[in-house]
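Below is one structure, written out as structure tokens, with a few remarks after it.
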Amino acid sequence: MMRTRPLKVALLGCGVVGSEVTRIMTTHADDLAARIGAPVELAGIAVRRPEKVRDGVPAELITTDATALVKRGDIDVVIEVIGGIEPARGLITTAFEHGASVVSANKALVAADGAALHAAAEKHNADLYYEAAVAGAIPLVRPLRESLAGDKVNRVLGIVNGTTNFILDKMDSTGAGYSEALDEATALGYAEADPTADVEGFDAAAKAAILAGIAFHTRVTIDDVHREGLTEVTAADIASAKRMGCTVKLLAICERAADGASVTARVHPAMIPLTHPLASVREAYNAVFVEADAAGRLMFYGPGAGGSPTASAVLGDLVAVCRNKLAGATGPGESAYTALPVSPMGEVVTRYHISLDVADKPGVLAQVATVFAEHGVSIDTVRQQGKDGEADLVVVTHRATDAALSSTVGALRELDTVRGVVSIMRVEGE
């Protein structure tokens, strides 16, 4: 039997995502009530600019006093979609203190302070759900936290930022440079006016921290994630990848060490073979591979951002949290029992593609090969093309540590015959 008294929901933020959450809660009210077992009522919407016109948003629900809204005491669930660290953190903890559970889309906050937020939720017997913080509509948090709870996850590899994937896809398909592709992404609304969080990898690093923490049952913050953006990727890098039968993607990679004693989390551009499923992920779409002992390789694919996809994830969490409220229970909280250390990037083992500008004369290749050998880095393939006394020398290594590769490159720069290191890129997905 359905409960007649509604569960009351407070919404913090009413931008692109918040407006879509409001629309779905209004237009799908009967369906949501049937799925939850009780009606849900939007009790208030906190915004910074009340004068802004918001189509379909009831004006009587608008308030600028977010703190008073979450302190009301009759609020069952708070949905936080304002983003950033503060005031979001203070509002969420206040919501817990006043008996509300929280649904959030705030990747920056969860990646920076997830442990404290989970502790506060547990202290007040409340839920903290954040499916929308990772990959829009793509279900990732719940499968990792619940569906694969009985399995051992060893690796999470994926494209988790639509803006950067759009830029790299355009560079690959049209031959455009980075700036030209970014301009197109901005014109189409895929990139913000200030794209720093996306193109410098901060957005993807926050998501990688969240995924690594859940997948490996250990605490990983954004400060633990090695981060490189794509601003240095050139059309020449894309062309070189094509010659290798690869494409370039900005990847989030979370791995458990082979001995199980540590984990790594990193975000950086990488070449991946065209035969890898991630190579076919186009434009602003996201896709994530999860590799587990028993389940094997799983792929999650779909739109990773935007008002409707993100709102879909928010509403999915809302249904789950409301069901828990009715049952007098809470869902899964933080699982950090392994307490594994996060290894530094210098210890990460991968393959590398190194492009060098060298003098086109006898003995150069032998000098370069000697440097690689002296630093314990094995060469897989070499391609040299010379003209007018200069040559492009491309070396692809076998797997080596980042520290070993860094020392190798430092030594290469000291050679008189090496006029410059044009680019260095990791090779993944094999």
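These figures come from a predicted structure and were not determined experimentally. Note that the numbering runs from 1 along the sequence shown for the chain.
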Side chains of N286 and N165 only: does a donor on one sit below 3.5 Å from an acceptor on the other? no
Quick one: pull up SG in C254 and CD1 in I214 and give me the separation to the nearest 0.5 Å. 10.5 Å
Verify the neighbour count for atom NZ of K242: are there more than 12 heavy atoms of other residues, nucleotides or ligands below 6.0 Å? yes
Please determine if E334 and R219 form a salt bridge, counting it only when a charged side-chain N lies under 4.0 Å from a carboxylate O. yes
Could you list the donor-acceptor pairs under 3.5 angstrom formed by side chains in residues 27-52, with sequence neighbours left out?
unit_1 : atom_1 : unit_2 : atom_2 : d
T27    : OG1    : R23    : O      : 2.9

Does S355 reach the main-chain N or O of V394 with its side chain, forming a donor-acceptor pair under 3.5 Å? no
Salt-bridge criterion met for D127 and K325 (N-O under 4.0 Å): no
Rounded to the nearest 0.5 Å, how far does CG of L7 lie from CG of L326? 5.0 Å
side-chain contact (heavy atoms from CB on, under 4.5 Å) assessment of T397 paired with D380: CA-CA 5 Å; T397 74; D380 182 18; 5.9 Å; no
Could you tell me whether the side chain of D169 and the main chain of E283 form a donor-acceptor pair under 3.5 Å? yes
Tell me whether Y285 at atom OH has more than 12 heavy atoms from other residues, nucleotides or ligands lying less than 6.0 Å away. no
Treating K207 as the side-chain partner and A252 as the backbone partner, does any N or O pair qualify as donor plus acceptor under 3.5 Å? no
Taking the six-membered ring of Y130 as reference, does the cationic atom of R145 (NZ for Lys, CZ for Arg) lie under 6.0 Å from its centre and within 45° of its axis? yes
Distance-only, no hydrogens or angles: does the T401 side chain make a donor-acceptor pair with backbone N or O of V348 under 3.5 Å? no
Any side-chain heavy atom of L278 sitting closer than 4.5 Å to one from L251? yes
Is it true that a side-chain atom of E131 and a backbone atom of V141 form a donor plus acceptor pair closer than 3.5 Å? yes
Does CD belonging to E122 count more than 12 external heavy atoms closer than 6.0 Å? no
For T338 and H217, indicate whether the former's side chain and the latter's backbone hold a donor-acceptor pair under 3.5 Å. yes
Looking only at non-hydrogen atoms, find the nearest pair between E20 and A311 and report the distance. CG-CB, 3.6 Å
Can you tell me how far apart OG (S101) and CD1 (I75) are? Round to the nearest 0.5 Å. 12.5 Å
Neighbour count >12 (heavy atoms, 6.0 Å) for atom CD, E232: no
Could you tell me if the side chain of V21 sits less than 4.5 Å from the side chain of L315, heavy atoms only? yes
Can you tell if the side chain of R54 reaches within under 4.5 Å of the side chain of T22, non-hydrogen atoms only? no
Verify whether the ring centers belonging to H398 and F372 lie closer than 6.0 Å. no
D237 and T234: side-chain hydrogen bond (donor to acceptor under 3.5 Å, both in side chains), yes or no, with the steps? CA-CA 5 Å; D237 292 327; T234 66; 3.2 Å; yes
Do R266 and E228 meet the salt-bridge criterion of a basic N to acidic O distance under 4.0 Å? no
Please name the pair of heavy atoms, one in A287 and one in Y301, separated by the smallest distance, quoted to 0.1 Å. CB-CD1, 3.8 Å
Full working for side-chain contact (heavy atoms from CB on, under 4.5 Å) between V102 and F96: CA-CA 8 Å; V102 173; F96 291 145; 3.5 Å; yes
Is the backbone of L188 close enough, under 3.5 Å, to the side chain of E184 for a donor and an acceptor to pair up by distance? no
Shortest non-hydrogen separation from D172 to I238 and the atoms involved: CA-CG2, 3.6 Å
Any heavy-atom pair between the side chains of E255 and S343 that's under 4.5 Å? no
Does any part of the side chain of F166, heavy atoms only, come nearer than 4.5 Å to the side chain of D198, both counted from C-beta? no
A side-chain contact here means heavy atoms from C-beta on lying under 4.5 Å apart; do M299 and V281 qualify? yes
Lys/Arg N to Asp/Glu carboxylate O, E428 vs R351, below 4.0 Å: no
Any chance you could measure L356, atom CG, to R413, atom CZ, to the nearest 0.5 Å? 9.0 Å
How close do G175 and A235 get, counting heavy atoms only, and between which atoms? O-CB, 4.1 Å
Closest approach of T186 to A191 (non-hydrogen atoms, all atoms of both residues): OG1-CB, 3.6 Å
Show the numbers, then the answer: is there a salt bridge (Lys or Arg N to Asp or Glu O under 4.0 Å) between D317 and R142? CA-CA 9 Å; D317 279 350; R142 193 171 288 115; 2.7 Å; yes
Could you check if a side-chain atom of L250 sits within less than 4.5 angstrom of a side-chain atom of I159, using non-hydrogen atoms only? no
As a quick check of understanding, evaluate side-chain contact (heavy atoms from CB on, under 4.5 Å) for V70 and H98, giving each step before the final call. CA-CA 7 Å; V70 299; H98 287 78; over 6 Å; no
For a quick test of reading the model, state the closest non-hydrogen atom pair linking N106 to A88 and the distance between them. ND2-CB, 3.5 Å
Heavy atoms, side chains only, cut-off 4.5 Å: are E347 and S262 in contact? no
Determine whether a donor-acceptor pair (N or O, by modelled atom type, separation under 3.5 Å) exists between the side chain of S312 and the backbone of S308. no
Hydrogens and angles aside, do D65 and T63 bring a side-chain donor and acceptor to less than 3.5 Å of each other? no
Just to verify, which of L12, T94, T67, I82 counts as forming a side chain to side chain contact (heavy atoms under 4.5 Å, CB included) with P87? I82
Roughly how far apart are L61 CG and L11 CG, rounded to 0.5 Å? 9.5 Å
What's the spacing between T231 OG1 and I167 CD1 if we round to 0.5 Å? 10.0 Å
So, applying side chain to side chain contact (heavy atoms under 4.5 Å, CB included) with K8, which one of V78, D74, V77 is it? D74
Go through the steps to decide whether D194 and T196 satisfy the test side-chain hydrogen bond (donor to acceptor under 3.5 Å, both in side chains), and finish with yes or no. CA-CA 6 Å; D194 179 1; T196 302; 2.6 Å; yes
Are any side-chain N or O atoms of D151 and backbone N or O atoms of A295, one a donor and one an acceptor, separated by less than 3.5 Å? yes
side-chain contact (heavy atoms from CB on, under 4.5 Å) evaluation trace for V233 with M425: CA-CA 9 Å; V233 177; M425 191 169 294; 4.1 Å; yes
Classify the ring geometry of H276 against F289: parallel below 30°, tilted from 30° to 60°, perpendicular beyond 60°. perpendicular
